[in-house]
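Proteins get letters first, then strands, A, B, ... in listed order; numbering begins at 1 in each.
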Protein chains: 2
Amino acid sequence: MRIGEAAAAVGMTTKTLRFYEDRGLLPAAQRAANGYRSYGDETITRLDFIRRSRGAGLTLAQISDILHIRDAGQAPCTHVSDLLARQLKDLDWQITELVALRSTVARFHDTAAAADPAACDSKRICSYL
Amino acid sequence: MRIGEAAAAVGMTTKTLRFYEDRGLLPAAQRAANGYRSYGDETITRLDFIRRSRGAGLTLAQISDILHIRDAGQAPCTHVSDLLARQLKDLDWQITELVALRSTVARFHDTAAAADPAACDSKRICSYL
DNA sequence: CTGCACCTTCCCCTAGACTGGAAGGTCAAG
DNA sequence: CTTGACCTTCCAGTCTAGGGGAAGGTGCAG
């Protein structure tokens, strides 16, 4: 599969795939005789994982860690476990933060839904926030 | 009130206030005879609003929109309500994704933790990822 | 007078995640 | 043989929300 095809399959651009390769999220691609990158299905799987993780707000560095753990054929188990534990803690932290933000926003929104727009105090700019 | 005082009053830096002015979130400040910016209480109100909105996860562009609606003499309430609804939907999506991702990573971690630690000390391949 | 904290503008830097464009190679179709 | 859609590398720009620091003006205390 060439880069354009792979990119289309996961809804990314060719630029993004090359960028991920450069950042180490994708291994250096195999090349066809003409120098074109050639991808297999496992790259699609990997890109899907990246897309899902990105969608969840993980940074490329964090995703890279997870992928490298998965790639590490010979990483010491304790290190792998530690990295995953840290990743979990990080995810828990992010979830906590997002849930807190959600409840803040929900409170603002509830106020907005219950309020009389005409009563909006201009001195506060918007009384919903 | 000079810029440092205003910044301290809302827990921002003078850099941030000048930046907000540059980005149109604050109107061009009045100047004292010596050229120093001079702020009134309404700027504090405005900065507080910006801070609250940032706390709700709004971008400066979104906040700027709200402020400009207010500055135009209209009540931004409907706009804000829509914005908050969209923000909520977005947050719900992010939380869902993040929780799903957490369970994926947790599964990796559980597998790793279940392995025999003694067997991990050696150069054994960590095959459980 | 000097020191010091404050203020001014100016421009560059950061990180994260791309995106655009230039300059050029490859290949199947018309 | 040329066109057009691909692909290559490399360098540069974008956006967000500021931060760093230079070079210089202001104003009060000692």
Side-chain angles (χ1 to χ4, degrees), chain A residues 1-40 43 46-68 87 90 94 97-98 101, chain B residues 1-40 43 46-67 83 87 90 94 97-98 101:
Chain A
M1 190 178 349
R2 290 188 306 186
I3 195 170
E5 218 176 324
V10 294
M12 296 175 174
T13 67
T14 60
K15 283 277 190 191
T16 302
L17 265 63
R18 290 191 201 97
F19 177 70
Y20 285 171
E21 179 179 323
D22 185 60
R23 288 316 191 73
L25 277 86
L26 293 181
Q30 279 190 282
R31 301 297 179 126
N34 56 13
Y36 289 10
R37 285 174 181 79
S38 178
Y39 295 108
T43 301
R46 204 174 171 94
L47 287 170
D48 271 334
F49 179 81
I50 296 173
R51 204 170 34 70
R52 278 182 37 77
S53 306
R54 287 289 300 127
L58 293 195
T59 66
L60 293 190
Q62 291 171 322
I63 299 167
S64 184
D65 280 351
I66 297 174
L67 287 171
H68 286 144
Q87 208 54 253
D90 199 69
Q94 286 184 52
E97 285 286 289
L98 272 186
L101 181 59
Chain B
M1 193 179 346
R2 289 188 306 186
I3 194 169
E5 218 176 326
V10 293
M12 297 176 176
T13 67
T14 60
K15 282 277 189 189
T16 301
L17 265 64
R18 291 192 199 97
F19 177 69
Y20 285 171
E21 178 179 324
D22 184 60
R23 300 310 283 273
L25 277 85
L26 294 180
Q30 280 189 281
R31 302 297 180 127
N34 57 10
Y36 289 11
R37 285 174 181 79
S38 179
Y39 295 108
T43 300
R46 204 173 171 98
L47 288 170
D48 271 334
F49 175 79
I50 296 173
R51 210 168 32 68
R52 286 197 306 273
S53 305
R54 292 281 301 128
L58 298 189
T59 65
L60 293 189
Q62 290 172 322
I63 299 167
S64 183
D65 282 351
I66 298 172
L67 287 169
L83 208 64
Q87 197 79 350
D90 203 61
Q94 281 182 54
E97 283 289 293
L98 209 50
L101 191 66

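Regarding B:Leu25, its CG atom lies at a distance of 12 Å from the P atom of D:dT16, rounded to whole Å. One atom, CZ of B:Arg23, and another, C1' of D:dG19, lie 14 Å apart when rounded to the nearest Å. C:dC6 atom P lies 15 Å from atom CG of B:Leu17, rounded to whole Å. Per the geometry, CG belonging to B:Asp22 stands 10 Å off P belonging to C:dT9, to the nearest Å. Protein atom CG of B:Leu47 is 15 Å distant from nucleotide atom C1' of D:dA17, rounded to whole Å. With rounding to whole Å, A:Ile63 atom CD1 is found 8 Å from C:dC18 atom P. Atom CE in B:Met1 sits roughly 16 Å away from atom C1' in C:dC7 (whole-Å rounding). Between the CD1 atom of B:Ile50 and the C1' atom of D:dG18 there is a distance of 13 Å, given to the nearest Å.
Residues forming a side chain to side chain donor-acceptor pair (under 3.5 Å) with B:Asp90 (at least two apart in sequence, or on another chain): B:Gln94. Every residue meeting the side chain to side chain contact (heavy atoms under 4.5 Å, CB included) condition with B:Gln62, not counting sequence neighbours, appears here in chain and number order: B:Leu58, B:Thr59, B:Leu83, B:Gln87. Applying the salt bridge (charged side-chain N to carboxylate O under 4.0 Å, His left out) criterion to B:Arg51, with sequence neighbours excluded, gives B:Asp48. Every residue meeting the side chain to side chain contact (heavy atoms under 4.5 Å, CB included) condition with B:Thr13, not counting sequence neighbours, appears here in chain and number order: B:Lys15, B:Thr16. Residues meeting the side chain to side chain contact (heavy atoms under 4.5 Å, CB included) test with B:Ala6, sequence neighbours left out: B:Met1, B:Leu17, B:Tyr39, B:Ile44.
Summary for the helix from C:dC1-D:dG30 to C:dG30-D:dC1: the axes at its two ends, each from 5 pairs, differ by 30° when rounded to the nearest 10 degrees.
Taken to the nearest 0.5 Å, the CD atom of B:Glu5 stands 13.0 Å off from the OG1 atom of B:Thr14.
Distances shown here put every side-chain N or O of B:Thr59 at or beyond 4.0 Å from the OP1 or OP2 atom of D:dA17. The shortest distance between the side-chain N/O atoms of A:Tyr20 and the OP1/OP2 oxygens of C:dA17 is not below 4.0 Å. Taking side-chain N and O atoms only, A:Thr16 has no distance below 4.0 Å to OP1 or OP2 of C:dA17.
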> Going 5' to 3' along nucleotides 3-9 of chain D, which nucleotides have protein heavy atoms under 4.0 Å from the base (write B), which only from the sugar-phosphate (write S), and which from neither (write -)?
Replying inline: ---BSBB
Quick one: side chains of residues 20-33 of chain B, donor-acceptor pairs under 3.5 Å with protein atoms, not counting sequence neighbours, listed by atom name and distance.
from: B:Glu21; atom 1: OE1; to: B:Arg37; atom 2: NE; distance (Å): 2.8
from: B:Arg31; atom 1: NH1; to: B:Gly35; atom 2: O; distance (Å): 2.9

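No side-chain heavy atom of A:Thr43 sits under 4.5 Å from any side-chain heavy atom of A:Val10.
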